[in-house]
Amino acid sequence: MLSYALRRLGSAIPTLFIIITVAFFMMRLAPGGPFDREKQLPPEIEANILKAYNLDKPIHLQYLDYMKNILRGDFGPSYKYLDFTVNDLILTGFPVSMRLGLYAITIAIVIGVTAGTIAALKQNSLFDYLVMGVAMTGIAIPNFVMAPLLALVFGVYLSILPVAGWGGGAFKYQILPVITLALPQVAYIARLTRGSMVEIMNSNFIRTARAKGLSEKIVVVRHALRGGLLPVVSYLGPATAAVITGSVVIESIFDVPGIGRYFVNGALNRDYPVVMGVVIFYAILIIVLNLIVDLVYGFFDPRVKVE
Amino acid sequence: MLLDVQNLTTRFHTHDGEVCAVNNINFSVEAGECLGVVGESGSGKTQAFLSIMGLLAKNGSADGQVYFDGRQILGLSGNELNNLRGVEFSMIFQDPMTSLNPFMRISRQMTEVLSEHQGLSEKDAVKRSLDLLDLVGIPEAKKRFSMYPHEFSGGMRQRVMIAMALLCEPKLLIADEPTTALDVTVQAQILELIARLGSELNMATVLITHDLGVIAGLSDRVMVMYGGRIVEKAPVRDLFKQPQHPYSKGLLESMPRVDDSNNKSLYTIPGQPPDLQALPLGCAFIPRCEHAFAPCENQVPDLVKISSDRFKACHLEELP
């Protein structure tokens, strides 16, 4: 299994290389530059700045320099957050993003799987229609609509939660961002679970389990759930990556100091190293999460051999 | 009488209306005997026994009385049935490939039956399970015990299914087309096994099949079903020697015979199995019956006794 994991990571290197290259040149294709101001800088000063950040060389040389640096693990300095390197920003921002993401995905798994399972067992009941209706709504409403809506209701009208801000990571500041992050995932996981549980509950081996005289609880929990959760397991890799990276928008709206916020600001300010650093970091994150899912899948489904 | 079924009717509620899969059937199974149940797909043979087991699909419902060992079991709650299923009577199914849980080791699938019903300790449950695997002829049972179903061949899986069904020494084993999904060479072995276990353990068996050849060597009595009804009941020898219902006769004639000397093509019953949602007013077999006459048109023939142990549902006095 270890050699499988290593091989998988090895085969991710070309993928990563392509992502970095495409991101690098796309970033440069975007109009404007990091040091453009409304007021034109004197040409001598601008030339000095460009020289200081190595931006005066031809672009292919910049690319080679950049590749050399990241091979050494150096993502360069931020152009905007002076005195901060990109490594610093990621190291301070990522724990915040990850915490929100993990809370959100945990909530999504617990509520989504429970609601989906009950909906499947009570197929075509009022509860089923209710869960699926709410889930459909949850999937349909984008987070940049949901976030201000929640802030408005809980922050302004009810005044029970802060509208935005971080408050040094106090619990009440995390509630709305986590809910906003979790909602679409709850909805998606509930639908996924329901669909696969409905199928499993009608399968032959569930009929066998019933014919053996096992109680309904054992039939569902021991026999059905494991197979029923397989689609959820495969979805968890992309989903976890999505809640950690998906916080890009949510972090900006709620003013959370995660890496998503640096990413958005970086993109707006043409802060090339920050954007590149975050893209590479996310790419690695997604590759690793997918690998973990594949390894876990082998544990859930004995027919899949991870070798 | 071990199993006594009276006026069993099974209906399914579908989008296109109600379908009557089993129509008011009566039969019984004696302790230790083997009853063969024959019929085409859709004849109601499987649904009749799923009704008895309480395993109908959600849109199905069964009426009538089913006495097992003198106790009415039709309509019992799931919990009450769970004290009987797998204990007093067991059922094995057509497709052993999908009937075992693919996510669970064989060991767990077997021992859970014993811990659930008899409260056996893990150690005793393992020992009993291994004994059963030996009994059904699984070589190196100990080694294979902790394997997953996909690591077994089709025939071996059906053996595991049988072993699992017999863990609590049931008085009745219902085998629903146990060999249909298996290789021909394996079919005979599995049937032989079921017959042997039936007599060794003095267990009644019901063999549901569409293959009369399967029934011939194994069962004591045969019950032929058509369109949700029983059309003929007879001791197996009598049925083969002299079928009394045109459908039974047609089934027998459409069996390939090794000793047939002339090279004529195999007989088939003309027409299609009946549409259960549009059964004829009279006998369900009428569109396919060469002997049909006036009374068959508008009256369903009752299942009547024609000798001490033979019953038929046909308006004809005697089959020509």
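Each chain gets a letter, A, B and so on, in the order the sequences are listed, and its residues count up from 1.
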Honestly, the part of B:Leu81 sitting under 4.5 Å from a heavy atom of chain A is neither
Checklist line | Over 12 foreign heavy atoms within 6.0 Å of OH, A:Tyr188 | finding: no
Interface check, chain A: of B:Asn79, B:Asn83, B:Ile174, B:Asn82, most non-hydrogen pairs under 4.5 Å belong to B:Asn82
Nearest heavy-atom contact between A:Asn124 and A:Asp128 is N-OD2, 2.7 Å
Okay, B:Arg108 and chain A: the region with an atom under 4.5 Å from a heavy atom over there is side chain
Most heavy-atom pairs under 4.5 Å with chain B, out of A:Glu216, A:His223, A:Arg210, belong to A:His223
Whatever's closer than 4.5 Å to a heavy atom in chain B on A:Ser215 counts as both
So, the part of B:Met161 with a heavy atom under 4.5 Å from chain A: the answer is side chain
Pair count under 4.5 Å, heavy atoms only, with chain A: among B:Met104, B:Met53, B:Glu112, B:Met164, highest is B:Glu112
Whatever's closer than 4.5 Å to a heavy atom in chain A on B:Leu84 counts as neither
In terms of heavy-atom contacts, B:Leu74 and B:Asp63 come closest through CD2-C, 3.6 Å
If you tally heavy-atom pairs under 4.5 Å between each of B:His117, B:Lys58, B:Glu151 and chain A, the highest tally belongs to B:His117
*Answer yes if the ring centres of A:Phe254 and A:Phe154 are under 6.0 angstrom apart, and no otherwise.*
no
| query | If you draw a 6.0 Å radius around CZ in A:Phe17, do more than 12 non-hydrogen atoms from other residues or ligands fall strictly inside? | reply | no
The interface call for A:Leu230 against chain B, heavy-atom contacts under 4.5 Å, is side chain
**Prompt:** Between A:Phe281 and A:Phe94, how do the two ring planes meet: parallel, tilted or perpendicular, split at 30° and 60°?
**Reply:** perpendicular
(message) If you apply the rule salt bridge (charged side-chain N to carboxylate O under 4.0 Å, His left out), what do you find for B:Lys45 with B:Glu40, and how did you get there?
(response) CA-CA 8 Å; B:Lys45 53 195 194 307; B:Glu40 297 166 311; over 6 Å; no
Okay, B:Tyr148 and chain A: the region with an atom under 4.5 Å from a heavy atom over there is side chain
Are there more than 12 heavy atoms of other residues, nucleotides or ligands under 6.0 Å from atom CD of B:Gln72? yes
Scored by heavy-atom pairs under 4.5 Å with chain B, the best of A:Ala224, A:Gly227, A:Ser203, A:Pro302 is A:Pro302
